[in-house]
Novice: 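Mind looking over this structure? Questions follow.
None of these values were measured; they are calculated from a predicted model. Position 1 is the first residue of the sequence, and the numbers go up from there.
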Amino acid sequence: MFRTKRSGLVRRLWRSRAPVEGDGEADRGTHGSGGCCMGKTTKLAKSNAGTEAELKALTHSILKKIKEKQLEVLLQAVESKGGARSPCLLLPSKVDAKVGQQSYSLPMLLYKVFRWPDLRHSSELKRLSCCESYGKINPELVCCNPHHMSRLCELESPPPPYSRYPMDYLKPPDSPDSGPSSSDTGGTTYSAPVGLSDSLALQESGDRAHWCVVAYWEEKTRVGRLYSVQEPSLDIFYDLPQGNGFCLGQLCSDNKSQLVQMVRAKIGYGIQLTREPDGVWVYNRSCYPIFIKSATLDNPDSRTLLVHKVFPGFSIKAFDYDKAGSLQRPNDHEFTQQPRTGFTVQISFVKGWGQCYTRQFISSCPCWLEVIFNTR
């Protein structure tokens, strides 16, 4: 039987749909199809045969109405899991589709089929700044590329005990240039990483203004030089097709720890760090959770900083400009210890730290980042 190229593309797309509970890949949680910050998980309902057949028929019907070049764009994004740069997929936003008793817009249907089967409402989503539809309100054509979207990471209150990180551990040591160091009590005092003079030298040399610098650490050792960030968006990755940004895989590390090497290999597509009008967002592009500590994610009156778990495919506002301004009080440990470099955010790949982990401090994590913001 003669088959058209369009039919072949549609079949390949359906085979590449996001797995639901009961599929091996979904059970590993590698695509962020459930859960959000701080360990909250969403139970996915297994789809019955009738719903699955209805969804398949509806998806095939819609995809067959899309131009071949647009199908190729969608297939590139879906098969690469967002690793390859793919253009926007602009389609009418007003077209509705119905699965069972539930109606979805065309973009929502494609997001459910190819990224998040448990997606319920568009308010759970955040558009990435690379997208043409970013910042536009109710356009006639909207980008339906599933990998131009992310899930919003919701913060819970109160947090689970494991995520509490005492502020007392952030008191500055005597030397402003020392890195993480163990104390006699088993705690870790933390200050700006060794080599901050690198970033200060960038300012003094008249280099184009940077809005942050990034330090990469393996346990207590910083690897490579500070990476100065001048563009609004930065990819930080180990292995990313067409990757352009801070490639951790190119750094020379002498660490022979099997755990460090295993975690380093799992960084994969890594994260995307983006400066936006309301703050700095972190998008987890990898297949494993990341863990973030930032003072602007917490209650301003709290004496603890929290470690937040961010699942694959989720975004979190790691640094809030408005909150940062209100937090600059004379007695704040977090902000008076580094007056030159301003604020910091710490991000650990794959492994978390806190009271319910064997790793009490981030300096015990195999692979982690410190993002140091330039507030000048």
Side-chain angles (χ1 to χ4, degrees), residues 5-20 23 25-26 30-33 55-56 58-93 95 97 104-119 122 124-136 139 141-152 233-245 267-274 281-288 311-315:
K5 179 180 179 181
R6 183 190 302 273
S7 297
L9 291 171
V10 170
R11 289 197 307 276
R12 284 177 62 186
L13 279 165
W14 180 251
R15 288 197 297 268
S16 301
R17 68 191 183 279
V20 296
D23 295 339
E25 204 165 6
T30 58
H31 293 280
S33 55
L55 179 63
K56 179 178 180 179
L58 178 62
T59 304
H60 275 65
S61 173
I62 289 175
L63 292 178
K64 287 179 179 178
K65 297 176 184 178
I66 298 176
K67 297 177 181 179
E68 282 188 11
K69 287 188 176 180
Q70 292 178 315
L71 288 176
E72 290 173 350
V73 167
L74 180 58
L75 185 64
Q76 179 189 29
V78 170
E79 288 190 336
S80 70
K81 295 182 172 60
R85 292 197 190 104
S86 55
C88 288
L89 178 63
L90 297 175
L91 297 172
S93 59
V95 177
Y104 300 100
S105 66
L106 176 56
M108 279 287 290
L109 179 67
L110 295 182
Y111 302 153
K112 281 179 65 68
V113 170
F114 296 111
R115 290 287 311 264
W116 303 287
D118 66 323
L119 184 64
S122 60
E124 301 173 33
L125 298 172
K126 180 188 182 300
R127 191 171 296 279
L128 301 179
S129 60
C130 63
C131 183
E132 287 182 27
S133 298
Y134 174 78
K136 294 182 180 179
L141 296 178
V142 65
C143 177
C144 298
N145 187 327
H147 288 276
H148 285 192
M149 302 295 293
S150 65
R151 288 285 287 271
L152 274 172
S233 181
L234 173 70
D235 290 324
I236 304 174
F237 57 93
Y238 184 81
D239 182 18
L240 177 66
Q242 306 173 10
N244 183 23
I267 293 172
Y269 294 175
I271 64 171
Q272 187 174 83
L273 192 68
T274 308
W281 287 80
V282 174
Y283 169 45
N284 184 3
R285 303 182 66 180
S286 75
C287 292
Y288 297 90
F311 282 85
F314 281 69
S315 284

Novice: Can you measure from CG (L55) to CG (L109) and round to the nearest 0.5 angstrom?
Specialist: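 If I round to the nearest 0.5 Å, the distance is 6.5 Å.
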Novice: Which distance, rounded to the nearest 0.5 Å, do you find between the CZ of F114 and the OG1 of T59?
Specialist: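 So the CZ of F114 and the OG1 of T59 are separated by 6.5 Å.
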Novice: Identify whether NZ of Lys or CZ of Arg in R11 sits under 6.0 Å from the centre of the six-membered ring of W14 and within 45° of that ring's axis.
Specialist: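 No.
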Novice: Quick one: side-chain contact (heavy atoms from CB on, under 4.5 Å) partners of E132, sequence neighbours excluded?
Specialist: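 Result, side-chain contact (heavy atoms from CB on, under 4.5 Å) vs E132: C88, L90.
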Novice: Kindly compute the distance separating CG (L273) from CG (L234), expressed to the nearest 0.5 Å.
Specialist: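 Interatomic distance, L273 CG to L234 CG, rounded to 0.5 Å: 6.0 Å.
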Novice: Report yes if the side chains of Q272 and V282 come closer than 4.5 Å at any heavy-atom pair, otherwise no.
Specialist: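 Q272 vs V282: side chains apart.
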Novice: Output all residues satisfying side-chain contact (heavy atoms from CB on, under 4.5 Å) with K126, sequence neighbours left out; order by chain, then residue number.
Specialist: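 Result, side-chain contact (heavy atoms from CB on, under 4.5 Å) vs K126: Y134, S150, L152, E276, W281, S315.
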Novice: Measure the shortest side-chain to side-chain distance between Q76 and P87 over non-hydrogen atoms and say whether it is less than 4.5 angstrom.
Specialist: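 Side-chain contact under 4.5 Å: yes.
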Novice: Among residues at least two apart in sequence or on other chains, which ones pass side-chain hydrogen bond (donor to acceptor under 3.5 Å, both in side chains) with R12?
Specialist: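 Here the qualifying residues are E79.
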Novice: Only one of V113, L74, V78 clears side-chain contact (heavy atoms from CB on, under 4.5 Å) with S16; which?
Specialist: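 Running side-chain contact (heavy atoms from CB on, under 4.5 Å) over V113, L74, V78 with S16 returns exactly one hit, V78.
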Novice: Distance from C131 atom SG to M149 atom CE, nearest 0.5 Å?
Specialist: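 The SG atom of C131 sits 7.5 Å away from the CE atom of M149.
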Novice: Which heavy atom of Y111 sits nearest a heavy atom of L119, and at what distance?
Specialist: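 Minimum heavy-atom separation between Y111 and L119: CB-CD2, 3.8 Å.
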Novice: What pair of heavy atoms forms the shortest contact from A77 to S80, and how long is it?
Specialist: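 Smallest interatomic distance, heavy atoms only, reads O-OG, 3.4 Å.
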Novice: How close do S233 and T274 get, counting heavy atoms only, and between which atoms?
Specialist: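 Closest approach of S233 to T274: OG-OG1, 3.5 Å.
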Novice: If we only count heavy atoms from C-beta on, is the L141 to L91 side-chain gap below 4.5 Å?
Specialist: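 No - every pair of side-chain heavy atoms lies 4.5 Å or more apart.
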Novice: Taking all non-hydrogen atoms of both residues into account, name the closest pair between S86 and H148 and its distance.
Specialist: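 That closest heavy-atom pairing would be O-NE2, 2.9 Å.
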Novice: Identify, with sequence neighbours excluded, every residue that meets side-chain contact (heavy atoms from CB on, under 4.5 Å) alongside S105.
Specialist: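 Testing S105 for side-chain contact (heavy atoms from CB on, under 4.5 Å), a comparison that skips the adjacent residues, returns D96, P107, M108.
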Novice: Under a 3.5 Å distance rule, please check whether H147 uses its side chain to pair with a backbone N or O of R85 as donor and acceptor.
Specialist: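 Not a single qualifying donor-acceptor pair exists.
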Novice: Restricting to side-chain hydrogen bond (donor to acceptor under 3.5 Å, both in side chains), what partner residues turn up for Y269, sequence neighbours left out?
Specialist: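 Checked Y269 against side-chain hydrogen bond (donor to acceptor under 3.5 Å, both in side chains); zero matches.
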Novice: Under the salt bridge (charged side-chain N to carboxylate O under 4.0 Å, His left out) rule, collect the residues that match up with R127, sequence neighbours excluded.
Specialist: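 Counting only residues at least two positions away or on another chain, R127 forms no salt bridge (charged side-chain N to carboxylate O under 4.0 Å, His left out).
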Novice: Report the distance from atom CG of L89 to atom CG of L110, rounding to the nearest 0.5 Å.
Specialist: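 If I round to the nearest 0.5 Å, the distance is 7.0 Å.
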Novice: Salt-bridged, R285 to D235, with N to O below 4.0 Å?
Specialist: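 Judged by the 4.0 Å cut-off on N to carboxylate O distance, R285 and D235 do form a salt bridge.
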Novice: Could you measure the distance from the OG atom of S7 to the NZ atom of K64? Nearest 0.5 Å is fine.
Specialist: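 Going from OG on S7 over to NZ on K64, the span is 5.0 Å.
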Novice: Is any side-chain heavy atom of Y283 less than 4.5 Å from a side-chain heavy atom of L128?
Specialist: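 Answer yes - side chains close enough.
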Novice: Quick one: closest heavy-atom pair of R115 and P146, and the distance?
Specialist: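 In terms of heavy atoms, the two residues are closest at NH1-O, 2.9 Å.
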Novice: Quick one: list whatever passes side-chain hydrogen bond (donor to acceptor under 3.5 Å, both in side chains) with E124, sequence neighbours left out.
Specialist: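 By the side-chain hydrogen bond (donor to acceptor under 3.5 Å, both in side chains) rule, E124 matches R151.
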Novice: List for me each residue that meets side-chain hydrogen bond (donor to acceptor under 3.5 Å, both in side chains) alongside E72, sequence neighbours excluded, and say none if there are none.
Specialist: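 Partners of E72 under the side-chain hydrogen bond (donor to acceptor under 3.5 Å, both in side chains) test: K5.
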Novice: Shortest non-hydrogen contact from K112 to P117?
Specialist: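 That closest heavy-atom pairing would be NZ-O, 2.8 Å.
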